[in-house]
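Scroll down for the structure; my scribbles are underneath it.
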Amino acid sequence: MPPPLHLGLPMWANPDWRGGLYPPHGGGDGHLADYARVFSAVEGNTTFYSGAPRPETVAAWSRQAPSAFRFCFKLPASLTHERRLVGVAADLEAFLATLAPLRDRLGPVMIQLPRDFGADELPRLDAVLSRWPRAIPCAVEVRHSDFFHKGAAETALNRLLISHGVNRVMLDVRPLFSTPAGDHPGMRQAQGEKPKRPLHVLSTANHPVVRFIGHVDAAINIRYFAPWIERLSLWIKRGKTPFLLVHTADNRQAPELARRLYRDLALRADLPALPAFPGERQTRLF
């Protein structure tokens, strides 16, 4: 049975997580299985940059991921950024067909749109969503400033998403931009890459997607996450299944931050405790 909330990170393969989330020694072949023992979702960014994975890769993921796990892949940038959703029907169908072996382990597939994709291009998004398979949840992340002014453009976007039963991704960059980056290279890179947009909290479908981009200062993250506890708890109470995807500036501390935020949320929403990290469990044996 799926959990009431799916918690995940922006990846599952990261050598920096050895000795914590993962055992200190060993290759990456078992990382997905170890990851899925703790987290119930993952943000699949590789498809954004590299396109559809190979069929044998998808088959391996299918074998390793438990039934309650959810993969949240992104549409390839070739469809969203290069072609701007124009004439992509066949390629979209092929991309989703490649993921078919994962079946019900697909979480919201994310359509991340360019920063200059504005209201005049919404008919293109409408055309894609009109063809979207009902069995696969979908989420849309917009970055154009017009969609954050609570005006006609944002109203049109939200109505479009609601009409198709599609989730609007909520990108929370407040912790990341709460202080200057200073001399921290991860902070400088993250602030350069992430769009500095206001946070508009709105659930347009049954799987609200929250991408929480953390700071290197844990206290800042805890402060900015506090309002999310009430909102996520409310969505769960209403029968929705939120996805909380936790980043940090260089993602080295992402597992620990996700565990801390989940612990605070679990106290309010009556969620089960997370299992111990496989790497920490192995360390305690010796």
Side-chain angles (χ1 to χ4, degrees), residues 6-25 28 31-32 34-35 38-39 41-50 72-74 77 81 110 112-116 141-145 148 169-201 209-229 231-232 243-265 274 276-280 283:
H6 286 282
L7 176 70
L9 308 177
M11 64 193 76
W12 69 75
N14 190 330
D16 292 327
W17 298 343
R18 291 176 180 170
L21 179 57
Y22 299 134
H25 306 291
H31 280 175
L32 176 56
D34 281 342
Y35 176 95
V38 179
F39 298 104
V42 68
E43 183 178 312
N45 287 298
T46 55
T47 55
F48 180 78
Y49 299 102
S50 304
C72 303
F73 295 107
K74 289 183 180 178
H81 287 56
M110 289 185 278
Q112 180 179 298
L113 296 172
R115 298 189 191 203
D116 60 349
E141 181 178 317
V142 292
R143 297 189 167 190
H144 196 292
S145 60
F148 296 89
V169 175
M170 289 159 276
L171 180 66
D172 190 353
V173 296
R174 297 173 303 161
L176 175 65
F177 288 102
S178 62
T179 70
D183 58 359
H184 191 284
M187 286 286 292
R188 289 202 303 271
Q189 181 176 353
Q191 289 188 0
E193 293 176 349
K194 296 293 187 293
K196 190 176 182 181
R197 292 289 183 260
L199 173 65
H200 287 190
V201 179
V209 179
V210 178
R211 299 180 65 219
F212 186 88
I213 316 298
H215 196 280
V216 292
D217 186 329
I220 291 175
N221 295 325
I222 293 168
R223 183 171 77 249
Y224 279 100
F225 186 71
W228 280 117
I229 294 175
R231 182 56 61 111
L232 290 166
F243 283 73
L244 175 60
L245 305 171
V246 179
H247 302 230
T248 54
D250 56 14
N251 285 319
R252 291 182 179 180
Q253 301 303 317
E256 289 78 9
L257 176 60
R259 177 165 59 179
R260 172 58 194 271
L261 300 183
Y262 181 86
R263 185 182 67 188
D264 293 346
L265 175 62
L274 285 186
F277 287 177
E280 294 175 344
T283 301

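We're numbering straight along the sequence, starting at 1. Bear in mind that the values here come from a model prediction, so they are computed numbers and not experimental data.
Partners of Asp16 under the salt bridge (charged side-chain N to carboxylate O under 4.0 Å, His left out) rule, at least two apart in sequence or in another chain, are Arg252. Remark: Pro227 pairs with no residue by the side chain to side chain contact (heavy atoms under 4.5 Å, CB included) rule, at least two apart or across chains. Looking at residues two or more places apart in sequence or on another chain, you find a side chain to side chain contact (heavy atoms under 4.5 Å, CB included) between Glu141 and Gln112, Arg143, Val169, Leu171, Arg211.
Residue Met11 holds its CE atom at 12.0 Å from CG of Leu245, rounded to the nearest 0.5 Å. Phe39 CZ to Trp12 CH2: the interatomic distance, rounded to the nearest 0.5 Å, is 14.0 Å. Here the OH atom belonging to Tyr22 is positioned 10.0 Å from the CZ atom belonging to Phe277, to the nearest 0.5 angstrom. Between atom CZ of residue Phe148 and atom NZ of residue Lys196 there is a gap of 14.0 Å, rounded to the nearest 0.5 Å. Summarising the geometry, atom OG1 belonging to Thr248 is positioned 6.5 Å from atom CG belonging to Leu257; distances are rounded to the nearest 0.5 Å. Note that CE of Met187 and NE2 of His215 are 3.5 Å apart. Values are rounded to the nearest 0.5 Å.
At distances below 3.5 Å, at least one donor-acceptor pair connects side-chain atoms of Trp17 with backbone N or O atoms of Asn251. Counting only distance, with no hydrogens or angles, the side chain of Tyr35 and the backbone of Leu9 share a donor-acceptor pair below 3.5 Å. Remark: the backbone N or O of Leu199 is not paired with any side-chain donor or acceptor of Arg174 at under 3.5 angstrom.
Listed here is the closest heavy atom pair of Pro195 and Val173: O-CG2, 3.6 Å. Gln191 and Pro180 get closest at one heavy-atom pair: NE2-C, 4.1 Å. Across every non-hydrogen atom of Gly214 and Leu176, the tightest pair is O-CD1, 4.2 Å. The heavy-atom pair separating Asn45 from Pro10 by the smallest distance is ND2-O, 3.1 Å. Taking each heavy atom of Gly44 and Thr47 in turn, the nearest pair found is O-OG1, 3.1 Å. Between Lys194 and Phe177, the shortest heavy-atom distance links the atoms O-CZ, 3.5 Å.
Counting heavy atoms from C-beta on, the side chains of Lys74 and Glu43 come closer than 4.5 Å. Contact annotation: the side chain of Trp228 approaches that of Val201 to within less than 4.5 Å [non-hydrogen atoms, C-beta and beyond]. Between Leu244 and Phe225, the closest side-chain pair of non-hydrogen atoms falls below 4.5 Å. Contact of the Leu21 side chain with the Pro278 side chain is registered, since non-hydrogen atoms from C-beta on lie closer than 4.5 Å. Ile222 is listed as a side-chain neighbour of Arg260, based on a closest heavy-atom distance under 4.5 Å. Side-chain atoms of Leu7 and Leu274, non-hydrogen and from C-beta on, do get closer than 4.5 Å to each other. Contact of the His200 side chain with the Val142 side chain is not registered, since no non-hydrogen atoms from C-beta on lie closer than 4.5 Å.
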Next item on the list: Let me see the working for Met110 and Phe48 under side-chain contact (heavy atoms from CB on, under 4.5 Å), right down to the final yes or no.
Entry: CA-CA 9 Å; Met110 289 185 278; Phe48 180 78; over 6 Å; no
